[in-house]
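A quick write-up on the structure given underneath.
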Amino acid sequence: MREGTNHISTYTEQQDKLLDSACGNCTNQNCLIQKNINTPNIGKLVKARKEIKCKKGQQFIMEGASVTGLFFLLSGKVKVLRTGLHGKEQIVRFATPGEIIGHRGFGTEETYPISAIALVDCTLCYFSKELLQETLRETPSLTYDFMLFYANELNRSEIRVKSLSQMTVRERVIDTLLYINRKFGQTNGYFSLLLSRREYADYAGTTEEQVIRMFSILKKEGLLTTKGKRIGISNITLLKKEISEHNFYLDS
DNA sequence: CCATTAAGAGTGT
DNA sequence: ACACTCTTAATGG
């Protein structure tokens, strides 16, 4: 371990080769690095890749901390949040493997505007800001993919502004349920990702109590199934129908 | 394995 | 938002 890199271990040449091939063999098709693995100049970046293991509940990006690099989620599930005034968390988005985390701090920003917390054990790929910038200048196809990613993120965030400002609590809770379902899917009739009612509220922009009450209403209406922390959608068509006039484009 | 305890889910005010 | 009860999961002997 070296000074200043106490949470990131230093790698030997041999380990570098392993990591190199790890990137090449990575099954993560959503990863922009992996997508451009055959373009020139990317080798240096891939070699400098650091793998970071993150335990459940661990925070790996702190809001306000100075930006050192970007993270790519290799495996696991992450919540990205912004802390509001009275310590209230606003979950900005959830991340699945292949997604970039910390990208808003990239470029001219000096500090991360968000925090990122692992929801389950995670593996992250880390690249330093400097090297990534250098690679982007030399690699148009990667830069283009990044641009598409940023454009898409901006679009998503604008949709979200509309959701939070124009939807009722009921609609926002339903929107949240559909989002979690789209993103993580269901196994055995329940969402694959376990979230507390508080976390549903933090995404939907409500309080825990409102979410709990809305869940029991939806349950009575036969739209939702709950069993402890487990949440399942029992009638997706009806749920989608309720918010269809808000985001008619979003059906997939 | 059971008992204790802590955390989170529900509900009424 | 707060206070309270109930349920479930975690801990430890």
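Proteins get letters first, then strands, A, B, ... in listed order; numbering begins at 1 in each.
The CG atom of A/L239 sits 5.0 Å away from the CD1 atom of A/I174 when rounded to the nearest 0.5 Å. Rounding to the nearest 0.5 Å gives a distance of 5.5 Å between CG of A/L73 and CG of A/L124. Rounding to the nearest 0.5 Å places OG1 of A/T96 at 8.5 Å from CG of A/N28.
Around the CG atom of A/N155, the shell of radius 6.0 Å holds more than 12 heavy atoms that belong to other residues, nucleotides or ligands.
For the pair A/R160 and A/Y203, the distance from NZ or CZ to the six-membered ring centre is under 6.0 Å and the angle to the ring normal is within 45 degrees.
Atom CD1 of A/I231 is separated from atom P of B/dG8 by 15 Å (rounded to the nearest Å). Atoms NZ (A/K220) and P (B/dG10) sit 11 Å apart, rounded to a whole Å. Put simply, NZ on A/K229 is 7 Å from P on B/dG8, counting in whole angstrom units. One can place CG of A/L224 at 14 Å from C1' of B/dG10, the figure rounded to the nearest angstrom.
Mapping heavy-atom proximity under 4.0 Å, the span of DNA chain C touched by chain A runs 5' to 3' from C/dA1 to C/dC2.
Salt-bridge formation is detected for the pair A/R170/A/E221: a Lys NZ or Arg NE/NH1/NH2 atom is positioned less than 4.0 Å from an Asp or Glu carboxylate oxygen.
The stretch residues 209-219 of chain A touches DNA chain C through A/E209, A/R213, each having a heavy atom under 4.0 angstrom from the strand.
Across A/G222 and A/S234, no two heavy atoms sit closer than the pair O-OG, 3.3 Å.
Screening A/Q90, A/K79, A/K88 against A/D202 for a side-chain hydrogen bond (donor to acceptor under 3.5 Å, both in side chains) leaves a single residue, A/K88.
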